[in-house]
Visitor: 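One structure is given below, represented as structure tokens, and several questions about it will come after.
Reminder, nothing fancy here: chain letters follow the sequence lines and each chain counts from 1. Being a predicted model, the structure only gives us computed values, none of them experimental.
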Amino acid sequence: MARFIDELKRTHYCGLLREGDIDREVVLFGWVHARRDHGGCIFIDLRDREGLAQVMFDPQIAAQAFAVGDQARSEWVLGVRGKVRDRGAMRNPKMPTGTVEIVALEAVVFNKAETPVFPIEDDIDTNEEKRLEHRYLDLRRPRLQHNVMTRSRIYHHTRNHFADHGFVEVETPIFVKYTPGGARNFLVPARLNPGMFYALAESPQLFKQLLMVAGFDRYIQIVKCFRDEDLRGDRQPEFTQIDVEMSFVNQDDIFGIIEKLVIRLWKEIHGVDLTQRYPAVVGDDGVTRHFPRMKFDESMRRFGNDKPDMRFGLEHVDLTEQLIAHAGGGVPMLTPIAEKFASGAYRRDLPEEIFKGLRVPAEQAGGLSRAELDKLEGFVKQMGAKGLARAKVGPSGEWLQSPFAKTATPDFVKAVNEALGAKEGDLLLFQFGPETAVHTVMANLRLHLGKKLGLIPEVGAKSKSHETGDWNFLWVVEPPLFERGDDGKSWAAAHHPFTRPHDGSLEDLEKDPGKVLCYRYDLVLNGVELGGGSVRLHDPEVQKRVFAVLGIDDATAQEKFGFLLNGLKHGAPPHGGIALGLDRLCMLLTESESLRDVIAFPKTGKGSDLMTGAPNTVLPEQLAELKVRSLVEG
RNA sequence: GGGGUGGUAGUUAAGUCGGUUAUAACGCCGGCCUGUCACGCCGGAGGCCGCGGGUUCGAGUCCCGUCCACCCCGCCA
């Protein structure tokens, strides 16, 4: 074996051999991808991270090499010295290296391998469970190799981009002080301080603000974050953010640097020039903008969430005004809501209950059978909806097959039809009740219908979205600063309490907290939240007023966030920042269906690592050393 | 925390109304084959039917519980 590696160094990656290498003597190292034995001669497709190359073993040419090829099996690790030759008429147009093959002159078995649990190729239908158990095999598959290497290039371009713009990369602690609010924290027992715990940082939020106070001016970090919440296909307990903070900037400045990064990444990774779709627009204020912006309020009204997928229609229409104007329109289910508005119990500008409709145009609605409509009702019920009122629009605009049809007044029907733009054959779907519930149901219903009706391009390797340029970016801006607390009466910070209120909203802080907007923003791509951030509150007076609304007194604020507040008192520059979800960015750039496909060693929906077996129980002695007792029976 | 789907050979699946020896494809092993590239031909091995209880003369199949994975809601920036 000493000859290979010590004397014979690799000269080429298998997957990169081309016609230009013909007649060269090469040394290749790789895995046996496939072996075809013809008795006299043997073909082996040798695989490395760059791809496959066909190696031909001929006993007439090299008996020693042939013996290796004869013995070799799937996934054995080989070294081959050989000569590249033209395959002539025998070329394989399906392979990038298909015009050439390597005639083996000398070969070595570095290692044998057990029969692989599943084939090392794309488009396998093996359970994800099996794939995660043997992740080292899964990662050998070309698609995951590509994803992991693409991710590496994303790190590289991201760091270069920020370095080019004068950003300083700083590491912040992972073991941090527990701060209340937001996501649940993972806790780490502090052995040197019995009974005490560190929290794993859910983000470097407070530290990056303090780096601004420290004067670093522009901060970047590609950083792991930890949140102990329930998981999804697009959520992991540990994930990576591109974390950014800048001093002496406004919202436009932050958008500018992020838009440039995104444009650069799409150019470098996909070769797509996003500026064709999103050319620079210089506003009256002299600021250059690329991506469109939408106010939070408009997004909720039209799409029911703050991350609209604008690649298709099926927008929502708020019909609460029509409901009020027609006193419930004769529909018993709707009348109580109208009465609440009439009596003044509900405000029109901040309604507690609303009535929304969604129109499925006739050409798409025709494809939905009665049974499928009933299934839709099941779909919304699993999200807590009481039902899914619907109506088919008749020739004269009348409602058919509808629970509202019997009693709805003609004027109300007409008003609703007009608001929705309803035409004959259209299907109308309605939802009414508490605002947040209606929005959740309608937003999910819209996405569900979009997929079902084929209005959203398929995600995955077969997707052509990077070719057709269906990359739909959007900034969602100006959300409310506060939302109702769990009790429905108090106020809680919608983002975090250090977000700067909108200039025009300051007078509402005490009068009408629900109306206060703020400098917070999310970057959305094709309905996926890529990241978000805010301009921070650096005025101690306004900060005090915000805490007052939240019911946090000075002592409590000091106890919870003392270190940040102290920092802000010592000369804090105006600052703001953003964090982009790197995993999601990779997912979209590699057009993967799951976050797990862009993370080398991901965890399952219960947060376990099927390969290593984490988390696991520990010995009583280990707990004792940490002064921790488990409540679970061993 | 709630709902849905699934777990049978190494892998992916079939398995009817509860009834003889649990099927198939791919993979694997052996033999043959010098131009294959989804190589081909002949032969063969391979099973705790997720786990634990129950019903029954008899359970892969029915019932109860439990574990695991995936998807959705809640939760989560």
Visitor: From the options A77(B), U12(B), G35(B), select the nucleotide whose nearest atom is closest to the side chain of R227(A).
Guide: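 Closest of the options to the side chain of R227(A): A77(B).
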Visitor: Tell me whether the side-chain N/O atoms of N92(A) come closer than 4.0 Å to OP1 or OP2 in U36(B).
Guide: no
Visitor: Of the options U11(B), U36(B), C28(B), whose atoms approach the side-chain atoms of Q54(A) most closely?
Guide: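 Closest nucleotide among those given: U36(B).
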Visitor: Nearest whole angstrom, please: distance from the P of U34(B) to the CZ of R36(A).
Guide: 16 Å
Visitor: Could you work out the separation of G6(B) and A14(B) based on their C1' atoms and round it to a whole Å?
Guide: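 That atom pair is separated by 15 Å.
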Visitor: What's the gap between U8(B) and U16(B) when it is taken at their P atoms, as a whole Å value?
Guide: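 Result for the P pair: 16 Å, nearest Å.
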Visitor: Measure from the side-chain heavy atoms of R235(A) and tell me the nearest of C76(B), U34(B), U11(B).
Guide: C76(B)
Visitor: Under a 3.5 Å cut-off for both distances, is G18(B) Watson-Crick or wobble paired, and to whom?
Guide: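 Matched G18(B) with nothing under the 3.5 Å cut-off.
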Visitor: Using OP1 and OP2 only, check whether a side-chain N or O of R73(A) sits under 4.0 Å from C29(B).
Guide: yes
Visitor: Would you say the base of U11(B) stacks on F118(A) (centre-to-centre below 5.5 Å, plane angle below 30°)?
Guide: no
Visitor: Tell which nucleotide pairs with G60(B), taking only Watson-Crick or G-U wobble pairs whose two distances are both under 3.5 angstrom.
Guide: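 None - no nucleotide pairs with G60(B), as no candidate has both distances under 3.5 Å.
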Visitor: When the C1' atoms of C62(B) and A69(B) are compared, how many Å lie between them, rounded to an integer?
Guide: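 Straight-line distance between the two C1' atoms is 25 Å.
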Visitor: Which nucleotide, U34(B), G10(B), U12(B), lies nearest any side-chain atom of P59(A)?
Guide: U34(B)
Visitor: I want to check one thing: is the phosphate of A77(B), taken as OP1 and OP2, less than 4.0 Å away from some side-chain N or O of K307(A)?
Guide: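 It does not, given that no N or O in the side chain of K307(A) lies less than 4.0 Å from OP1 or OP2 of A77(B).
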Visitor: Measure from the side-chain heavy atoms of R232(A) and tell me the nearest of U36(B), C72(B), U34(B).
Guide: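 Comparing U36(B), C72(B), U34(B) against the side chain of R232(A), the answer is C72(B).
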Visitor: Would you indicate, yes or no, if A69(B) has its OP1 or OP2 atom less than 4.0 angstrom from a side-chain nitrogen or oxygen of S608(A)?
Guide: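 Checking S608(A) against A69(B): at least one side-chain N or O falls below 4.0 Å of OP1 or OP2.
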Visitor: Out of U11(B), C76(B), U34(B), which nucleotide sits closest to the side chain of K130(A)?
Guide: U11(B)
Visitor: Find the distance I61(A):CD1 to U34(B):P and express it as a whole number of Å.
Guide: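 That distance rounds to 15 Å.
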Visitor: Given C28(B), G35(B), A77(B), which nucleotide is nearest the side-chain atoms of H38(A)?
Guide: G35(B)
Visitor: Of the options C33(B), A77(B), G27(B), whose atoms approach the side-chain atoms of D37(A) most closely?
Guide: C33(B)
Visitor: Please list residues of residues 595-605 of chain A whose heavy atoms come under 4.0 Å from any atom in RNA chain B, ordered by number; otherwise none.
Guide: R596(A), T604(A), G605(A)
Visitor: Rounded to whole angstrom, note down the C1' distance from C33(B) over to C42(B).
Guide: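 To the nearest whole Å, 12 Å.
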Visitor: N444(A) side chain N/O closer than 4.0 Å to the phosphate oxygens (OP1, OP2) of C73(B)?
Guide: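 The answer is yes; a side-chain N or O of N444(A) sits under 4.0 Å from OP1 or OP2.
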Visitor: Between U36(B), G27(B), C68(B), which nucleotide has the shortest distance from any of its atoms to the side chain of E129(A)?
Guide: C68(B)
Visitor: Nearest to the H495(A) side chain among C75(B), C70(B), A77(B), which nucleotide is it?
Guide: A77(B)
